[in-house]
Amino acid sequence: MATIVFVNVFKTSHSTAFFEGSQEVHTIINNLKETQKAIDETHKYSNFTIEQTVTNYENETSVKHIQLELITNQERKKFHYILNVKADEFE
């Protein structure tokens, strides 16, 4: 099974940095869910950067739209998440 996954990863056009960055995006989202705090910020790593933008979703203060843009040397991808939070606990 591991060999099939390994071969499929190398068949794709995505770089290793892209896969590492995608995993880090999910880690950031999990942290946001736990802490209920987020601001616009840039996460810099050796092989990629993740730009985080936080806005109200449809003018609702208790629902946040989180956009995380993964940037590598070769590609960019935006991830969008909607989080329902307590307005007074979210920055």
Side-chain angles (χ1 to χ4, degrees):
M1 183 70 160
T3 304
I4 293 170
V5 172
F6 181 78
V7 169
N8 286 335
V9 166
F10 284 100
K11 282 184 179 179
T12 68
S13 61
H14 296 301
S15 65
T16 303
F18 180 83
F19 287 109
E20 290 172 358
S22 296
Q23 184 60 42
E24 189 61 28
V25 164
H26 295 291
T27 300
I28 291 169
I29 286 298
N30 285 333
N31 289 339
L32 291 173
K33 288 177 185 177
E34 289 178 15
T35 64
Q36 296 283 299
K37 295 185 181 196
I39 56 172
D40 293 347
E41 62 182 311
T42 301
H43 306 270
K44 293 190 179 204
Y45 302 89
S46 60
N47 296 326
F48 57 90
T49 300
I50 299 171
E51 293 180 357
Q52 175 178 305
T53 307
V54 181
T55 57
N56 289 341
Y57 180 73
E58 295 183 356
N59 297 320
E60 292 287 332
T61 58
S62 64
V63 181
K64 301 295 180 182
H65 172 240
I66 313 278
Q67 176 181 293
L68 296 162
E69 183 172 11
L70 171 60
I71 304 163
T72 69
N73 289 337
Q74 301 167 348
E75 53 200 321
R76 296 174 92 105
K77 182 175 180 179
K78 291 182 181 179
F79 298 81
H80 299 272
Y81 294 90
I82 304 296
L83 292 177
N84 189 11
V85 297
K86 294 179 183 175
D88 60 336
E89 293 182 7
F90 216 91
E91 295 178 356

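Note that this is a predicted model, so its numbers are computed, not measured. Atom set for the values below is all heavy atoms of this structure, side chains included, hydrogens, waters and symmetry mates excluded.
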[atom1] of [X] to [atom2] of [Y]: how many Å apart, nearest 0.5 Å?
| X | Y | atom1 | atom2 | result |
| --- | --- | --- | --- | --- |
| Glu51 | Glu69 | CD | CD | 5.5 Å |
| His65 | Thr53 | NE2 | OG1 | 8.5 Å |
| Ile50 | Thr72 | CD1 | OG1 | 11.0 Å |
| Leu32 | Ile66 | CG | CD1 | 5.0 Å |
| His43 | Ile28 | NE2 | CD1 | 4.0 Å |

Heavy-atom count around Asn73 CG within 6.0 Å, excluding the residue itself: above 12?
-> no
Is the CG atom of Asn59 crowded by more than 12 outside heavy atoms at less than 6.0 Å?
-> no
For the residue pair Gln74 and Ser15, what are the closest heavy atoms and their distance?
-> OE1-CB, 3.6 Å
Minimal non-hydrogen separation, Leu83 against Lys33, with atom names | CD2-CG, 3.7 Å
So if you build clusters from Ile, Leu, Val, Met, Phe, Trp, Tyr with side-chain heavy-atom gaps below 4.5 Å, do Ile29 and Leu70 land together?
->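 Yes, Ile29 connects to Leu70 through the hydrophobic network.
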Please check if Val63 and Leu68 belong to a single hydrophobic cluster, counting links between Ile, Leu, Val, Met, Phe, Trp and Tyr side chain heavy atoms closer than 4.5 Å.
->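 Val63 and Leu68: separate clusters.
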Which hydrophobic side chains are connected to Ile71, either touching it within the sub-4.5 Å cutoff or through other members that do?
->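 Ile71 shares its hydrophobic cluster with no other residue.
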Please list all pairs passing the side chain to side chain donor-acceptor pair (under 3.5 Å) test where one or both residues lie in residues 18-27, with sequence neighbours left out.
->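 Of all non-adjacent pairs touching residues 18-27, those that pass side chain to side chain donor-acceptor pair (under 3.5 Å) are Glu24-Tyr45, His26-Tyr81.
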Residues two or more places apart in sequence or in another chain: which of them pass side-chain hydrogen bond (donor to acceptor under 3.5 Å, both in side chains) with Asn56?
->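 Counting only residues at least two positions away or on another chain, Asn56 forms a side-chain hydrogen bond (donor to acceptor under 3.5 Å, both in side chains) with Lys64.
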